[in-house]
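We name chains A, B, ... by the order of the sequence lines, and we start the count at 1 in each one.
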Amino acid sequence: MSFWKPGTERPQGRVVDDEEGGVLFLSGSHSSSSSSYGYASIEKQRQRLPVYKYRTAILYLVETHATTIVVGETGSGKTTQIPQYLKEAGWAAGGRLIACTQPRRLAVQTVASRVAEEMGVKLGDEVGYTIRFEDVTKPDVTVLKFLTDGVLLREMMDDPLLTKYSVIMVDEAHERSISTDILLGLLKKIQRRRPELRLIISSATIEAKSMSDFFRMRKKRREPENEEHGLEVEPAILSVEGRGFNVQINYAEEPVPDYVQAAVSTVLLIHEREPTGDVLLFLTGQDDIDAAVQLLSDEVQTNGKQSSGLIVLPLYSGLSRAEQELVFSPTPRGKRKVVISTNIAETSLTLEGVVYVVDSGFSKQRFYNPISDIENLVVAPISKASARQRAGRAGRVRPGKCYRLYTEEYFLKHMSNEGIPEIQRSNMVSCVIQLKALGIDNILGFDWPASPSPEAMIRALEILYSLGVLDDDAKLTSPTGFQVAEIPLDPMVSKMIIASSELGCSQEIITIAAVLSVQSIWISGRGMQKESDEAKLRFAAAEGDHVTFLNIYKGFHQSGKSSQWCHKNYINYHAMRKVLEVRDQLKRIAQRIGLVLKSCDGDMQAVRKAVCAGFFANACHLEAYSHNGMYKTLRGSQEVYIHPSSVLFRVNPKWVIYNSLVSTDRQYMRNVITIDPSWLLEAAPHFYQLLKPDSLH
DNA sequence: GAGCACTGC
């Protein structure tokens, strides 16, 4: 094991043990084995959670502070217990509600049902939840409401001050998702108008200090509003220890030249030298993972003796439901499971039984370039916070070990403390329209927990202006702007839907919008390319991918929404169910905002014009001299190609519009449709007026 | 002839 030096034993050997270790939030004492078996009443179990001994403190802080920040590691029980404490203390009296937000739907559902169970009530009565497509609450009965932060943002459109809530707990704030950040910015504004509202920001990392700075109330001269309420303006910070076990950290002695290879060797070393316990290996994406699975499987084949007993399983979101579920099956006696995963296992999924974590130090991250208006997925180094989170995955059942495929020096000196918040890595178009719809006029002056770049904001304003969603004063136009804001999709898609109402093809366009909003309706898999491609040809339309989607939807509908039909045609049944759900929601919204639901009965010109009305900015022209299918974007003369998965691949029509770009070695257009260039001037005269008329021929 | 980290309304 010369490649590795033994882990540097830190004080208490905790996961959160680095140079900032002693700061303020780490309570040293924690029970290392509080899990016990056998019967215990729910009440006893609740009292055994680390958060229980802070119950009085938390309630006191919430009573006396506008904002309370709770730093708690996984297993502290904060998410399930704090809402119950608040209810027990009377915060839900008088028809008020307590809200607890989560970034993900699954978490909302599981936490809500757990809390309902602990309280001995039926889910949907006193304890309920709301996620997109599912509202499991009862008016005047539900007092504890769990919801995604996105849903709470939507609720603000009807009730900007969130008047029915007495306390709002924003959980997992350290993940810094876009909707969490918007929510935090808006909640800060609400606090000024509603000093009686209490906020609890719950986070797993030590970033609490910057969060505290953000929520510090400025004292206004002459009107010490909050002092009248007897509230502290300074947020309170409380730290609750977790219930994880010690994780011993090991670093690479030297930087590794190839992390996939190093990861595979490390897994084999663990298998050879360490006692039983499953291994979780973090890589960046499907390519890495498939390569590692292959290398390990080869090893098992050729070197059977040492590596027998290894069960190697890949895990990423693109896998089918059944393939994903394999990783949760219990490891047979005498075997060792190795799960090779993307970041999905860092936050979204929890694997029990993991004792060893191998961390490559990388993940795929989205970056947005506001100059080219292109979002890219890039393999980038993770932050210290992520590294700790990954390591913690080894300490859920018993003390574990984490092998970092980078040096300690690299960790200490070169890794950033926190990742870049998503809002600084994304296109801001949806964000801007949401704020506008909530009446925030001065978008550029909005007080964010982390500010997006001015370039990204300006680019978003430009795009929204060209869509006719914002006017010269950057106010929402009526009705288009307000309608776009009501539709929970990218504004370009929303604009397409609105245009389809006038063009008489809204039934078709709503179907297309629903298909575009799911990841992929095709079954992916390396072994079945050929069959899958042949199936695609059965639906292929000369106009392009959007019309092909219509053909598929029609076939699915005519089959009676049959899963066998999907299977036969290499179409993902679950994705199609999702399409139906989204389509239903869009239909309801369209009716509510006064759009005409109408079918164009096969007039695909209307459909193409509607696509044009939303996506005119993505128009491309085939280069005349090009023999390899090179297109240039009209707007920026960017070099782009039709993606091989498109039905128009190798067809290469002269004029196309794409739905999105995928950047690898080239820029590929995904989901492409043919257009007539004269429609561009019709759809967006202001946008294309500078182009010479002859350039459109 | 290529490939989609992960969420969410």
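- Side chain of A:R105 to backbone of A:I131: no donor-acceptor contact under 3.5 angstrom is found.
- DNA chain B is contacted by both A:S520 and A:S517; A:S520 maps to the nucleotide lying nearer its 5′ end (nearest heavy atom per residue).
- When rounded to the nearest whole Å, the span between NZ of A:K587 and P of B:dC9 equals 21 Å.
- Contact annotation for A:Y316: backbone-only contact, meaning every heavy-atom pair under 4.0 Å involves sugar-phosphate atoms and none involves a base.
- Look at CG on A:L377: it is 19 Å from P on B:dA2, rounded to the nearest Å.
- Among the heavy atoms of the strands, none lies under 4.0 Å from A:I487.
- Across all strands shown, A:S348 has heavy atoms under 4.0 Å from sugar-phosphate atoms exclusively, and none from any base.
- Taking only side-chain nitrogens and oxygens, A:S317 comes nearer than 4.0 Å to OP1 or OP2 of B:dC6.
- Across all strands, A:Q519 comes closer than 4.0 Å to base atoms (heavy-atom distances).
- Looking at A:T477, its side chain does come within 3.5 Å of a backbone N or O of A:V469 through a donor-acceptor pair.
- Between the P atom of B:dG8 and the CZ atom of A:R154 lies a distance of 15 Å, rounded to the nearest Å.
- Rounded to an integer number of Å, the gap from CZ of A:R390 to C1' of B:dA5 is 10 Å.
- Between the P atom of B:dG8 and the CG atom of A:D181 lies a distance of 17 Å, rounded to the nearest Å.
- The residue A:R104 sits close only to the backbone: its heavy atoms come under 4.0 Å of sugar-phosphate atoms, none of a base.
- Among the heavy atoms of the strands lying under 4.0 Å from A:I344 are primed sugar atoms or P, OP1, OP2 only; no base atom is included.
- Backbone-only contact: A:T342 has heavy atoms under 4.0 Å from sugar-phosphate atoms and none from a base.
- Within a 6.0 Å sphere centred on NE2 of A:H567, heavy atoms belonging to other residues, nucleotides or ligands number 12 at most.
- For the pair A:D584 CG and B:dC9 C1', the interatomic distance rounds to 16 Å; values are reported in whole Å.
- Identified under the salt bridge (Lys or Arg N to Asp or Glu O under 4.0 Å) test for residues 571-580 of chain A, with sequence neighbours left out: none.
- Between A:E639 and A:K632 there is no salt bridge, since no side-chain N of the basic residue sits under 4.0 Å from a carboxylate O of the acidic one.
- Contact of A:N628 with B:dG1 (side chain to base): no donor-acceptor pair of N or O atoms is detected under 3.5 Å.
- Straight-line distance from the CG atom of A:L516 to the C1' atom of B:dC4: 15 Å, rounded to whole Å.
- Using a 4.0 Å heavy-atom distance criterion, A:V662 is classed as a sugar-phosphate-only contact.
- Under 4.0 angstrom from either OP1 or OP2 of B:dC9 there lies at least one side-chain N or O belonging to A:R105.
- Residues A:D159 and A:K164 are not paired through a salt bridge, judged by the lack of any N-O separation under 4.0 Å between the basic side chain and the carboxylate.
- Distance CZ (A:R366) to P (B:dC6): 12 Å, rounded to an integer number of Å.
- Of the candidate nucleotides B:dA2, B:dC4, B:dC9, B:dC4 has the atom lying nearest to any side-chain atom of A:R670.
- Nucleic acid contact class of A:D288 (heavy atoms, under 4.0 Å, all strands): none.
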